[in-house]
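In the text below, chain A, chain B and the rest are named by the order of the sequence lines, each starting its count at 1.
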Number of protein chains: 2
Amino acid sequence: MGRPTIADIAQRVGVSKGAVSFALNGRPGVSEATRARILEVAREMNWRPHSAARALGGARAEAVGLVIARPASTLGVEPFFAQLLSGLQARLSRQQVAMHLLVVEDSEAEIEVYREWTSAHRVDGFILVDPKVRDPRFAALEELGVPAVVLGGPGRHGALASVWADDREAMVSVVDYLAALGHRRVAHVAGLPGLRHTQRRMRALRDSVKRLGLVDAVSLPTDFSDAEGAAATRTLLSRGTRPTAVVYDSDVMALAGLGVAGEMGVAVPGELSIVAFDDSVLTRVTHPSITSLSRDTVALGGQVADVLLEVIADPGARRVVKTGTPRLVVRQSTAPPLLAR
Amino acid sequence: MGRPTIADIAQRVGVSKGAVSFALNGRPGVSEATRARILEVAREMNWRPHSAARALGGARAEAVGLVIARPASTLGVEPFFAQLLSGLQARLSRQQVAMHLLVVEDSEAEIEVYREWTSAHRVDGFILVDPKVRDPRFAALEELGVPAVVLGGPGRHGALASVWADDREAMVSVVDYLAALGHRRVAHVAGLPGLRHTQRRMRALRDSVKRLGLVDAVSLPTDFSDAEGAAATRTLLSRGTRPTAVVYDSDVMALAGLGVAGEMGVAVPGELSIVAFDDSVLTRVTHPSITSLSRDTVALGGQVADVLLEVIADPGARRVVKTGTPRLVVRQSTAPPLLAR
DNA sequence: TCCGGCAACTAGAGCGGTTTAGTACCGAAG
DNA sequence: CTTCGGTACTAAACCGCTCTAGTTGCCGGA
């Protein structure tokens with residue numbers, strides 16, 4: 001015989017399948033004596049629920065979906081995703097909720113996966129990352145009527161819940177700090193240009209530069225890889241008038257930039273100050289250590305999980321949570337520019 | 001009406017459910033004309049299979065499971081997992097196979113999850129990581145009769161498939177290299193002591209030291225965290241006779257060790273050579289850059305996925321794949337010891 | 001003309017649960 | 001003694017799909 005089913009239990013106890021179902025799900029309809037007997041036999045027979053069968057009946061899948069439309073290789077490069085996963089898992093696994101993970105080519109494929117997993121009751125909700133400027137995924141998810149939470153904001157995702165950090169404020173605080181140190185030419189090695197938060201950071205930089213009367217405000221978009229981060233840094237440092245400070249949209253790129261500076265004989269922080277927009281082990285252990293905007297990505301993952309579980313429990317709720325604004329942790333890579341004028 | 005089912009299609013086309021099922025699954029039993037008509041209506045109605053219903057009938061879940069028994073926080077710290085995931089995803093998503101991911105407390109909980117997901121047809125197979133010295137998970141998986149591949153080896157996992165790298169040979173090559181440079185006191189900041197590969201590395205170090213007639217061969221176990229890596233380094237460097245070279249079981253710990261050396265005024269590589277057992281962006285971009293054993297973790301993930309898919313396709317197959325031995329990439333953190341005697 | 005064989009299709013059981021409608025029984029109230 | 005109401009339980013439908021055992025109709029061959 002294969003795995004025991006409730007029918008097997010029912011037969012052994014001498015009751016009907018229905019009674020067994022009631023007993024196992026702790027709902028009324030059986031006496032305490034019978035319930036105890038059924039539970040005992042179930043344990044004895046090593047019975048376990050068949051989630052597919054439950055799903056057929058319309059029950060929860062006890063899983064959430066995370067579909068990422070990036071080249072699979074970026075998963076490994078950026079600590080961000082790993083930490084996010086880490087935070088998500090910490091919260092989800094406490095409730096015995098699993099996570100369905102898939103990396104796809106593009107948003108179109110991503111939407112297709114949303115459709116499939118939803119109609120197959122494979123997951124109870126989705127986590128949407130990397131919101132883009134005109135993002136077709138919002139509408140798709142709303143149309144499916146499936147619980148979802150958008151990581152990154154603010155607002156404007158229709159009725160979807162979201163968890164977001166204030167990128168604008170963060171960028172402003174960085175530029176303010178650099179300006180206060182005496183920097184007048186600040187450059188920005190940005191991430192993927194299609195992403196909303198990249199756009200927000202670029203805009204915040206431009207606005208700050210104007211407000212503070214600084215000279216330069218170039219933002220170079222990249223794909224977040226160390227290679228493009230290094231290339232962008234090389235471009236910036238090869239110019240006639242170099243920036244005296246560079247803000248990187250990720251810690252990996254900042255690290256790569258630091259390497260390029262060393263290679264080109266540009267002293268950090270003497271001739272060039274470096275700020276990373278993301279904090280991790282990497283920024284702490286290098287020499288010089290890198291001044292970073294620190295946000296607790298693991299905690300962020302936890303919050304996202306929380307909000308998603310809430311929305312799943314009560315699909316009416318529209319939660320928009322703003323997480324703590326990343327705060328600047330000053331380390332050795334920033335200093336007043338030597339040649340301030 | 002909710003989502004369309006094959007019954008809806010059948011009604012619309014004017015055939016039976018069975019005919020629709022045959023048509024959609026490309027099996028004989030319907031004429032080409034009918035098949036075309038059914039496929040068209042299915043597309044028109046935006047039909048998608050309900051995987052739970054299929055799973056009930058015993059079909060593939062088109063998903064594999066990865067259950068990790070480590071504190072969720074380590075996921076974010078170590079590039080290893082992120083890269084592994086990256087490689088796994090690259091291969092799996094090509095076949096539209098998803099991944100069920102869960103982080104649990106301990107091996108016991110892990111085994112329980114194996115039981116549940118297996119009996120619920122939630123996944124078609126498992127990837128087992130971090131094989132331990134006396135590991136109850138092998139027997140559990142075999143008993144369940146579910147396809148699985150063990151990452152780490154060699155052999156001795158009963159009938160389970162495995163993918164492994166030769167840790168012993170790798171460690172030997174490191175110690176040989178250090179000895180050739182003139183080092184006589186080599187220390188080892190190891191990973192979790194319960195893991196098989198940690199044991200193998202420790203044994204390989206002891207054997208090499210004996211074979212080469214070196215002086216010292218201490219291995220300090222840690223939990224892979226940067227904190228314990230730093231602490232272990234502090235311990236080693238506080239001794240009366242310091243090691244002149246330290247081998248770290250992970251890149252994060254090597255980085256932390258490098259930081260500690262700087263903090264204690266120990267010159268690298270002058271007074272201390274550092275080797276990392278894992279390669280990633282981290283080791284490349286620091287100053288000095290760190291000599292590392294480089295293995296392509298992303299490719300490793302791909303191989304694991306391949307083997308698992310094979311074993312799922314043909315459960316009889318017992319595949320044991322040995323991946324390329326990590327090779328030493330020499331960078332700036334290793335040099336002959338200044339005070340060789 | 002009749003029969004065998006095959007292609008094309010149908011009916012319906014089955015997968016493992018959940019859930020609803022219905023039944024049997026019991027004690028208390030009228 | 002009947003009636004009511006509640007508890008404890010059963011039988012069976014149902015979820016969406018797969019798959020087997022039939023059934024039908026048509027064609028070719030003797």
Could you state the atom-to-atom distance from [atom1] of [X] to [atom2] of [N] in whole Å?
| X | N | atom1 | atom2 | answer |
| --- | --- | --- | --- | --- |
| B:Ile38 | C:dA8 | CD1 | P | 12 Å |
| B:Ile9 | D:dT18 | CD1 | P | 11 Å |
| B:His121 | D:dT18 | NE2 | C1' | 13 Å |
| B:Asp8 | D:dC17 | CG | C1' | 13 Å |
| A:Arg27 | D:dC9 | CZ | P | 16 Å |
| B:Ile6 | C:dG12 | CD1 | P | 16 Å |
| A:Arg122 | D:dG16 | CZ | C1' | 15 Å |
| B:Leu56 | C:dA13 | CG | C1' | 14 Å |

Are A:Arg122 and B:Glu62 close enough, and set up right, to give a salt bridge (charged side-chain N to carboxylate O under 4.0 Å, His left out), and what steps lead you there?
CA-CA 11 Å; A:Arg122 207 159 176 158; B:Glu62 299 302 333; over 6 Å; no
Quick check for you: to the nearest 0.5 Å, what is the distance between B:His50 atom NE2 and A:Leu56 atom CG?
5.5 Å
What's the closest nucleotide to the [X] side chain, out of [options]?
| X | options | value |
| --- | --- | --- |
| A:Thr34 | C:dT10, D:dC9, D:dG16 | D:dC9 |
| B:Phe22 | C:dT10, D:dT10, C:dG17 | C:dT10 |
| B:Asn25 | C:dT18, D:dG16, D:dT18 | D:dT18 |
| B:Val30 | D:dT10, C:dC15, C:dC9 | C:dC9 |

Does [X] place a side-chain N or O at less than 4.0 Å from the phosphate oxygens OP1/OP2 of [N]?
| X | N | result |
| --- | --- | --- |
| A:Ser31 | D:dC9 | yes |
| A:Ser21 | C:dG17 | no |
| A:Thr5 | C:dG16 | no |
| A:Arg54 | C:dT18 | yes |
| B:Trp47 | D:dG16 | no |

Name the nucleic acid region contacted by A:Arg48, choosing base, sugar-phosphate or nothing; use a 4.0 angstrom heavy-atom cut-off, strictly under.
sugar-phosphate
Looking for any heavy atom pair under 4.0 Å, which part of the strands does B:Val15 touch: base, sugar-phosphate only, or nothing?
sugar-phosphate
Give a yes or no answer on whether the side chain of A:Asp124 reaches the backbone of A:Val64 with a donor-acceptor pair at less than 3.5 Å.
no
What's the shortest heavy-atom distance between B:Pro4 and B:Met45, and which atoms?
CG-O, 3.2 Å
Correct closest heavy-atom pair for A:Ala82 and B:Ala82 would be CB-CB, 4.0 Å
Nearest-nucleotide check on DNA chain D, B:Ala53 vs A:Ala19; residue mapping nearer the 5' end is A:Ala19
Quick check: on DNA chain D, is the nucleotide nearest A:Gly57 upstream (toward 5') of the one nearest A:Gly29, or the reverse? Name the residue that is more 5'.
A:Gly29
Whether the side chain of B:Lys17 and the base of D:dG16 hold a donor-acceptor pair under 3.5 Å is what I'd like checked.
no
After noting the C-alpha distance and the side-chain angles of B:Arg35 and B:Glu32, does the key distance pass the salt bridge (charged side-chain N to carboxylate O under 4.0 Å, His left out) rule?
CA-CA 5 Å; B:Arg35 181 188 305 276; B:Glu32 278 315 309; 3.5 Å; yes
